[in-house]
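Here the structure is laid out as structure tokens; the discussion comes afterwards.
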Amino acid sequence: MKNFEGRVAIVTGAAQGIGRAIADRLAAEGATLAVVDINDEAAQAAAVEIGGDAFSVACDIGDPASVTALHETIVQRAGKLDVLVNAAAIVPFVPWDELTFEEWRRVMRVNLDGIYLMCRAGSDLMRKNGYGRIVNIASNSIFAGTPNMAHYVASKGGILAFTRALATELGPHQITANSVCPGLTDTEGVQQTPHKEAFEFVEMLQAIKGRGKPQDIAPAVAFLASEDAHWITGQALAVDAGMIRW
Ligand SMILES: NC(=O)c1ccc[n+]([C@@H]2O[C@H](COP(=O)([O-])OP(=O)(O)OC[C@H]3O[C@@H](n4cnc5c(N)ncnc54)[C@H](O)[C@@H]3O)[C@@H](O)[C@H]2O)c1
């Protein structure tokens with residue numbers, strides 16, 4: 001029996017990058033998968049490529065109405081929600097001297113407000129069946145204090161702390177909440193920013209050498225999203241070839 005047979009999963013940011021690799025992995029293990037992304041066209045293409053009963057839903061996770069509509073669609077199409085993986089985020093490159101309040105809010109709206117909105121609606125749906133797995137994608141930049149992304153680092157630190165508190169709130173309902181903290185990973189998003197120049201430096205800090213790929217992150221997420229991980233909640237797992245140890 002596959003790990004996610006009979007399970008309904010949402011992966012946000014699943015049109016590309018780490019979210020896409022997680023979606024591929026959960027679908028390969030039998031999940032009915034909702035490929036959720038603000039990029040409708042790319043999400044549709046990803047759902048077709050994933051195949052099976054995967055379907056796409058366009059959603060802006062920072063918009064309450066869009067998140068409500070998404071969860072209504074999940075109920076109509078799949079009847080329930082078992083697994084929620086929040087991978088959608090804005091990954092900016094903005095030096096501190098250029099960081100305006102507008103830019104701060106743009107990132108917080110998606111990276112932190114979006115996580116709240118998705119966890120609020122997702123956990124409400126999970127509670128109806130008394131089962132759930134939530135995995136929020138944070139970042140190892142919260143330990144490293146990575147330059148040129150102070151607002152992003154703050155948003156990801158918020159995700160880690162929020163997920164710890166969420167675990168306390170949802171434990172009585174048999175819903176776990178954990179966060180995964182990837183290191184620098186070669187994705188479409190990273191390739192569009194100057195972060196793409198940082199791989200050599202980051203590799204020097206890793207215990208295991210090599211360039212992180214989305215497929216290196218997905219197995220850890222799949223484990224935390226599985227039934228087997230029922231005794232693990234409120235944790236943060238760095239998946240970064242040993243760059244950060246805490
Ligand atoms: N790539 C890395 O080096 C790295 C490292 C640590 C953490 N992360 C985290 O992993 C996750 C995925 O990163 P990635 O590099 O694959 O990103 P990416 O930029 O390649 O993909 C992000 C996806 O999220 C979608 N998205 C953006 N805003 C959205 C919104 N408002 N609503 C719905 N979807 C939205 C985008 O359309 C895109 O498909 C993010 O949470 C990121 O912060 C990435």
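Keep in mind it's a predicted model, so treat the numbers as computed, not measured. No hydrogens, no waters, no symmetry mates; every other heavy atom, side chains included, goes into these values.
At least one side-chain heavy atom of V190 sits under 4.5 Å from a side-chain heavy atom of L184. Proximity of V107 to E103: side-chain heavy atoms (C-beta onward) are separated by under 4.5 Å at one or more points. Contact of the S66 side chain with the C59 side chain is registered, since non-hydrogen atoms from C-beta on lie closer than 4.5 Å. Within the 4.5 Å cutoff, no side-chain heavy atoms of T12 are placed close to those of D37. R127 has its side chain within reach of I175: a pair of non-hydrogen atoms, C-beta onward, lies under 4.5 Å apart. You'll find the side chain of I134 stays beyond 4.5 Å of the side chain of N178, heavy atoms only. Within the 4.5 Å cutoff, the side chain of D82 has no heavy atoms near those of the M126 side chain. Side-chain atoms of I90 and R106, non-hydrogen and from C-beta on, do get closer than 4.5 Å to each other.
Transitive grouping of hydrophobic side chains (ILVMFWY, heavy atoms separated by less than 4.5 Å) brings L81 and L166 into a common cluster. Linking ILVMFWY side-chain heavy atoms closer than 4.5 Å, directly or via other members, places V110 and L112 in a single hydrophobic cluster. Linking Ile, Leu, Val, Met, Phe, Trp and Tyr whenever their side-chain heavy atoms come within less than 4.5 Å leaves I61 and V11 in two separate clusters. V36 and L33 sit in two unconnected hydrophobic clusters of ILVMFWY residues. Membership requires side-chain heavy atoms under 4.5 Å apart, directly or through other members. When hydrophobic clusters are built by joining Ile, Leu, Val, Met, Phe, Trp and Tyr residues whose side-chain heavy atoms come closer than 4.5 Å, directly or via intermediates, I18 is not grouped with I208.
Scanning all heavy atoms of the two residues, the minimum distance from A225 to V135 falls at N-CG2, 4.1 Å. Here the shortest heavy-atom pairing between T185 and P214 reads CG2-N, 3.4 Å. Of all heavy-atom pairs between S139 and K156, the closest is CB-CG, 3.9 Å. Of all the heavy atoms in V239 and A220, the pair that sits closest is CG2-CB, 3.6 Å. Nearest heavy atom pair, residue A154 against residue M108, reads CB-CE, 3.7 Å. Pairing each heavy atom of V75 with each of L125, the nearest pair is CG2-CD1, 3.5 Å.
Atom CG of D97 sits about 12.5 Å away from atom OG1 of T100, to the nearest 0.5 Å. Once rounded to the nearest 0.5 Å, the distance linking CD of E200 with CZ of R211 reads 9.0 Å. Remark: D53 CG to R77 CZ distance equals 9.0 Å, nearest 0.5 Å. Taking CG from D63 and CG from L70, the interatomic distance works out to 11.5 Å, rounded to the nearest 0.5 Å. A distance of 9.0 Å separates CZ of F93 from CD of E98, quoted to the nearest 0.5 Å. Expressed to the nearest 0.5 Å, how far CD1 of I137 lies from CD1 of I217 amounts to 8.0 Å.
Electrostatic pairing of E227 and R133 does not count as a salt bridge here, judged by no charged N lying under 4.0 Å from a carboxylate O. One finds a salt bridge joining E29 and R25 here, because a Lys/Arg side-chain nitrogen approaches an Asp/Glu carboxylate oxygen to under 4.0 Å. Under the 4.0 Å criterion applied to side-chain N and carboxylate O atoms, D113 and R105 are assigned as salt-bridge partners. Look at D60 and R109 and you find a salt bridge, because one of the NZ, NE, NH1 or NH2 atoms lies within 4.0 Å of a carboxylate O, short of that distance. Between R20 and E188 there is no salt bridge, since no side-chain nitrogen of the basic residue lies less than 4.0 Å from a carboxylate oxygen of the acidic one.
Other residues, nucleotides and ligands place no more than 12 heavy atoms under 6.0 Å from the CD atom of E41.
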Please test T32 against F55 for side chain to side chain contact (heavy atoms under 4.5 Å, CB included), starting from the C-alpha separation and ending with a verdict. CA-CA 8 Å; T32 296; F55 59 96; 4.2 Å; yes
Walk me through whether K213 and D216 qualify under side chain to side chain contact (heavy atoms under 4.5 Å, CB included). CA-CA 5 Å; K213 303 180 298 302; D216 298 322; 3.5 Å; yes
Side chain to side chain contact (heavy atoms under 4.5 Å, CB included) between L26 and R7: does it pass, once the steps are laid out? CA-CA 9 Å; L26 298 187; R7 296 292 182 198; over 6 Å; no
Step by step, would you call N136 with S179 a side-chain hydrogen bond (donor to acceptor under 3.5 Å, both in side chains)? CA-CA 5 Å; N136 292 327; S179 55; over 6 Å; no
Show the numbers, then the answer: is there a side chain to side chain contact (heavy atoms under 4.5 Å, CB included) between I10 and H71? CA-CA 10 Å; I10 290 176; H71 286 80; 4.0 Å; yes
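Listed for the K128 side chain is no donor-acceptor partner under 3.5 Å among the backbone atoms of K80. A donor-acceptor pair under 3.5 Å links the side-chain atoms of D240 to the main chain of I244, judged by distance alone. The closest donor-acceptor contact from the side chain of D124 to the backbone of A121 lies at 3.5 Å or more, if one exists at all. Side-chain atoms of Q235 come within 3.5 Å of backbone atoms of T233 as a donor-acceptor pair (strictly under, hydrogens ignored). Judged purely by atom type and a 3.5 angstrom limit, K196 has no side-chain atom pairing as donor or acceptor with the backbone of G189.
For the residue pair S226 and N3, no side-chain donor N or O sits within less than 3.5 Å of a side-chain acceptor on the partner. Counting only N and O atoms by type, the side chains of Q191 and D186 include a donor and acceptor under 3.5 Å apart.
Taking the ring-ring contact (aromatic ring centres under 6.0 Å, His included) definition, one finds that F143 meets it with W246, sequence neighbours left out.
Legend: ring-ring contact (aromatic ring centres under 6.0 Å, His included) pairs involving residues 149-173, not counting sequence neighbours: none detected. For the ring-ring contact (aromatic ring centres under 6.0 Å, His included) condition, no pair includes a residue of residues 197-224, sequence neighbours left out.
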